[in-house]
2 protein chains.
Amino acid sequence: MNANKIKEREKISCPVEYAVSVLSGKWKLRILHAIIKQSPKRFKELEREISGITPTMLTAQLRELERDGIIEREIFATVPPTVEYRLTEFGKTTAPMMHEIKNWGLKLQALNAVLKSNGKSTA
Amino acid sequence: MNANKIKEREKISCPVEYAVSVLSGKWKLRILHAIIKQSPKRFKELEREISGITPTMLTAQLRELERDGIIEREIFATVPPTVEYRLTEFGKTTAPMMHEIKNWGLKLQALNAVLKSNGKSTA
DNA sequence: CTGGATCCCGATTGATACTG
DNA sequence: CAGTATCAATCGGGATCCAG
């Protein structure tokens, strides 16, 4: 259960482990990244932007991020229904971290591109 | 298979997804954090510092980090055997990211401590 | 001490079908 | 459009045993 996950989290002392316990998984960071880039964001927009994710997973992950106080959900009683997601004030504190992660991802991509093109040359 | 994981990675364009593909899992970031704090670090020291990890997992994760060019391993033919792990030059580029992650973890812990004391006491 | 090889479980995830 | 429910399959990760 979810409540269990929360209980487990309370035992954690290491800040890194704590952050991981909230952000781990294939999708959380990408969702966060997408919402940081443009907020608010609708369900469908997220689904399109995060290639490979299924609606089921997107819903589940969004619920967890909401429960953890990082994003908030606003429902509009329109037809068809509209739901917007945006960062909470606390959620905005992830921005520097996300920036560094993205940044490092770029370095990593660049490095691997080089390694690949070298393949077997130089050394 | 591992080679497969590498192949998959080549298709990724999003930097965040790329970073996640290398760092995801329960242990990678904690291992990195431990080695950043003090380098070089021996196998046993890592095992002690990263509470909960088993030698099997520690080995597996270290191998992946090594393969991804983030850490390097040095073996000393002593009795008993000694192995030291340290960051590569590229591995050092994770420092700002790790700093932000740790930092955010601290904020998160602080927030949840408040939420808990509100929700519980006073009641 | 370091860590390779197996086996195995259960949480995580995906596919599908359905609803307000 | 924005989900929910269910079921099945996969895979990360733990336990155990073994070796240099």
Side-chain angles (χ1 to χ4, degrees), chain A residues 1-9 12 17 20-31 34-35 39-68 71-86, chain B residues 1-9 17 20-31 34-35 40-68 71-86:
Chain A
M1 251 341 146
N2 256 344
N4 222 326
K5 209 167 169 184
I6 302 286
K7 285 293 175 191
E8 288 304 313
R9 195 173 293 160
I12 300 174
E17 183 180 359
V20 168
S21 80
V22 171
L23 299 176
S24 72
K26 275 160 66 178
W27 307 113
K28 294 274 181 68
L29 288 175
R30 293 184 67 193
I31 294 172
I35 299 183
S39 176
K41 208 144 212 163
R42 297 179 49 191
F43 188 89
K44 200 65 177 180
E45 293 177 316
L46 287 169
E47 189 182 347
R48 264 195 299 267
E49 191 162 332
I50 303 169
S51 60
I53 197 168
T54 58
T56 308
M57 280 314 295
L58 183 52
T59 298
Q61 304 292 300
L62 284 168
R63 289 288 177 285
E64 288 194 22
L65 287 171
E66 189 185 359
R67 188 206 57 197
D68 289 331
I71 63 174
E72 53 195 8
R73 187 161 66 124
E74 190 177 4
I75 304 171
F76 299 92
T78 54
V79 175
T82 301
V83 178
E84 287 183 356
Y85 294 90
R86 74 193 70 220
Chain B
M1 198 58 87
N2 253 344
N4 222 324
K5 208 168 169 183
I6 302 286
K7 285 291 175 193
E8 288 304 313
R9 196 174 291 160
E17 183 181 0
V20 167
S21 80
V22 171
L23 300 175
S24 71
K26 272 161 70 177
W27 307 113
K28 293 274 181 68
L29 288 174
R30 292 184 68 193
I31 293 172
I35 300 184
K41 209 143 211 164
R42 297 182 48 195
F43 188 89
K44 200 64 177 180
E45 293 177 315
L46 286 168
E47 189 182 346
R48 264 196 300 269
E49 190 162 332
I50 303 168
S51 60
I53 197 169
T54 58
T56 308
M57 280 313 295
L58 182 52
T59 298
Q61 304 292 298
L62 284 168
R63 288 292 174 284
E64 289 194 20
L65 287 170
E66 190 184 357
R67 188 205 57 198
D68 290 331
I71 64 174
E72 53 194 9
R73 187 161 66 124
E74 190 177 3
I75 304 172
F76 299 91
T78 54
V79 175
T82 301
V83 178
E84 287 184 355
Y85 294 90
R86 75 193 69 222

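Proteins get letters first, then strands, A, B, ... in listed order; numbering begins at 1 in each.
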Remember a base hit wins even if backbone is also touched, and classify [X] as base, sugar-phosphate or nothing at under 4.0 Å, heavy atoms.
X      : answer
T56(A) : base
Y85(A) : sugar-phosphate
P81(B) : base

Short side-chain N/O contact from [X] to OP1 or OP2 of [N], under 4.0 Å:
X      : N       : result
R73(B) : dG3(C)  : yes
K44(B) : dG3(C)  : no
K26(B) : dA11(C) : no
R42(B) : dT2(C)  : yes

Between [N] ([atom2]) and [X] ([atom1]): distance, integer Å:
X      : N       : atom1 : atom2 : value
R63(B) : dG12(D) : CZ    : P     : 18 Å
F43(B) : dG20(D) : CZ    : P     : 18 Å
E64(B) : dG4(C)  : CD    : P     : 12 Å
W27(A) : dG14(C) : CH2   : C1'   : 10 Å
R30(B) : dG13(D) : CZ    : C1'   : 14 Å
E74(A) : dA2(D)  : CD    : P     : 13 Å
M57(A) : dT6(D)  : CE    : P     : 18 Å
L65(B) : dG3(C)  : CG    : C1'   : 16 Å

For a 4.5 angstrom cut-off between non-hydrogen side-chain atoms, does P80(A) reach K44(A)?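 The answer is no, as the side chains (C-beta and beyond) never meet within the 4.5 Å cut-off.
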
Are Y85(A) and L65(A) side-chain neighbours, meaning at least one heavy-atom pair lies under 4.5 Å?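 With C-beta onward as the side chain, the pair stays apart.
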
I'd like to know if the side chain of K28(B) and the backbone of V22(B) have a donor-acceptor N/O pair within less than 3.5 Å.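 Judged by distance alone, yes, a pair lies under 3.5 Å.
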
Select from P55(A) and Q61(A) the residue whose nearest nucleotide in DNA chain C is closer to the 5' end of that strand.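 Its nearest nucleotide being more 5', the pick is Q61(A).
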
Heavy-atom pair of closest approach, residues P40(A) and E84(A):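 Where P40(A) meets E84(A) most closely, the heavy atoms are CG-OE1, 3.3 Å.
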
Please find the pair of heavy atoms, one from V20(A) and one from L29(B), that lie closest to each other, and give the distance.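 Nearest pair, atom of V20(A) first, then L29(B): CG2-CD1, 3.6 Å.
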
The side chain of T82(A) lies closest to which of these nucleotides: dA2(D), dT2(C), dG14(C)?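 From the listed options, dA2(D) comes nearest.
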
